[in-house]
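Have a look at the structure below, then the notes.
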Amino acid sequence: MSSFAQVVIGHVVVVAAIGGYALSIIRRARRHAATVRREDLPWT
Amino acid sequence: MTAVLPSVATKSPGLRSPSSTPRTRVLGIVTLAALVTAVVLALFVTPDEATQKTAVRMLYVHVGLISAAYQTLIACGVLSALVLWKKQPGLDRFAGAAGEVATVLLGVFLFTGMLWGHLTWGVWWSWDPRITTTALLFVILCGYLAVRGLDGSPTARMKRSAIVALIGVAQIPIINQSVNWWRSLHQDTTLQQRDIEMDGIMLFSTFFAVVACSLLAFWLVLHRARLAWLNDEGDSRALEAAIEARRGDGSGA
């Protein structure tokens with residue numbers, strides 16, 4: 001496998017790891033959507 | 001007569017993602033665009049380096065990730081010091097979020113370094129002073145997350161985890177100076193030199209990756225801290241509901 005292909009795969013792994021972590025935060029937050037009201041959130 | 005009670009657990013219309021606001025959505029879109037641009041610059045715009053050849057393309061994201069990891073870790077350390085002083089759960093939530101994000105970024109950073117080492121040095125790992133001290137910091141941060149998950153009173157947990165976070169922050173100057181203190185395979189300081197010997201587009205791409213990863217870290221910490229607030233709020237509501245149910249059982253008996 002060429003060096004460039006390995007570099008591309010490396011970037012794909014980085015995006016997958018951090019993207020997966022970001023999506024897990026969003027999904028876990030969405031689980032609370034049914035139990036909180038917008039006016040209760042301190043950041044809205 | 002029909003009693004109208006305010007519902008605590010009513011879903012508000014349009015509340016699809018409780019951790020986000022219009023501003024954080026804009027921040028998220030800007031961050032995503034910056035990251036895509038950083039990857040395009042690294043893979044397709046910047047030239048190969050004379051000795052490292054195409055492996056140098058790993059270094060843009062590598063530098064960006066460690067910069068963001070240090071920023072979040074320093075934020076975690078400052079917040080942890082404030083937690084020890086003020087003992088406020090809100091500060092602890094942000095400290096925990098910053099610590100978790102720093103761990104993820106540092107783990108991915110180590111992977112990019114390993115891949116670069118494989119392409120340049122021919123080995124995935126070397127017990128070089130800088131790499132070893134960075135790996136030690138990663139272990140300390142994993143320990144920080146483990147300590148945060150331990151049982152105990154919230155006050156004791158806040159104190160314990162804040163002390164571990166400060167130990168982690170103390171590791172940063174050791175890592176920074178490791179290439180000067182010990183004989184190292186790792187390259188010496190590059191970006192902190194007065195006369196940086198880098199091609200213009202390479203230097204621009206490096207700083208662009210640093211900005212993109214910093215935006216990413218900020219977005220992640222913000223949303224992770226909000227998730228921690230939602231979890232705490234959910235736990236306290238569940239506790240209140242359980243107490244109410246117990247009281248109801250007691251009065252009915």
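Note that the structure is predicted; figures quoted are calculated from it, not measured.
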key: Best-contacting candidate, B:Val101, B:Leu32, B:Leu43, B:Thr24, against chain A by heavy atom pairs under 4.5 angstrom   = B:Leu43
task = May I have the step-by-step check of side-chain contact (heavy atoms from CB on, under 4.5 Å) for B:Val39 and A:Val14, ending in yes or no?
result = CA-CA 11 Å; B:Val39 171; A:Val14 169; over 6 Å; no
query = When rounded to the nearest 0.5 angstrom, what is the spacing between CD1 in A:Ile26 and OG in B:Ser19?
reply = 6.5 Å
remark   = Turns out that what part of A:Ala17 lies under 4.5 Å from chain B's heavy atoms comes down to side chain
query = Does some side-chain heavy atom of B:Val108 sit less than 4.5 Å from a side-chain heavy atom of A:Val13?
reply = no
ask   = Which bit of B:Arg23 comes within less than 4.5 Å of chain A, counting heavy atoms only: side chain, backbone, both or neither?
value = neither
request  = Heavy atoms only: give me the nearest A:Val7-B:Ala55 pair and the separation to one decimal.
outcome  = CG2-CA, 4.4 Å
message = Counting only non-hydrogen atoms closer than 4.5 Å, does B:Leu35 touch chain A with its backbone (N, CA, C, O), its side chain (CB onward), both, or neither?
response = neither
Residue pair A:Thr35 / B:Arg237: nearest heavy atoms and the distance that separates them = O-NH1, 2.7 Å
note = Closest non-hydrogen contact found for A:Gly10 with B:Leu115 is CA-CD2, 3.5 Å
task = Could you tell me which non-hydrogen atom of B:Arg57 sits nearest to which non-hydrogen atom of A:His11, and how far apart they are?
result = O-CE1, 3.5 Å
task = Look at B:His118, B:Lys53, B:Glu100 and state which one has the largest set of heavy-atom pairs under 4.5 Å with chain A.
result = B:Glu100
query = Any idea which heavy atoms bring A:Pro42 and B:Trp229 closest together, and the distance?
reply = CD-CZ2, 3.4 Å
query = Does atom CZ of B:Phe218 have more than 12 heavy-atom neighbours, drawn from other residues, nucleotides or ligands, at distances under 6.0 Å?
reply = no
query = So what's closer than 4.5 Å to chain A heavy atoms on B:Asp48: side chain, backbone, both or neither?
reply = neither
query = Does the side chain of B:Met58 come within less than 4.5 Å of A:Gln6's, by heavy atoms?
reply = no
query = How many angstroms lie between atom CZ of A:Arg30 and atom OG of B:Ser20, to the nearest 0.5 angstrom?
reply = 7.5 Å
query = If every non-hydrogen atom of A:Val36 is compared with every non-hydrogen atom of B:Pro18, which pair is closest and at what distance?
reply = CG2-CB, 4.2 Å
request  = Can you tell which part of B:Phe44 gets under 4.5 Å to a heavy atom of chain A, answering side chain, backbone, both or neither?
outcome  = side chain
inquiry  = How long is the straight-line distance from NE2 of B:His223 back to CD1 of A:Ile25, given to the nearest 0.5 Å?
reply    = 8.5 Å
Residue part contacting chain A, namely of B:Thr21, when any heavy atom lies under 4.5 Å = side chain
query = Side-chain donor-acceptor pair under 3.5 Å between B:Glu233 and A:His32, yes or no?
reply = no
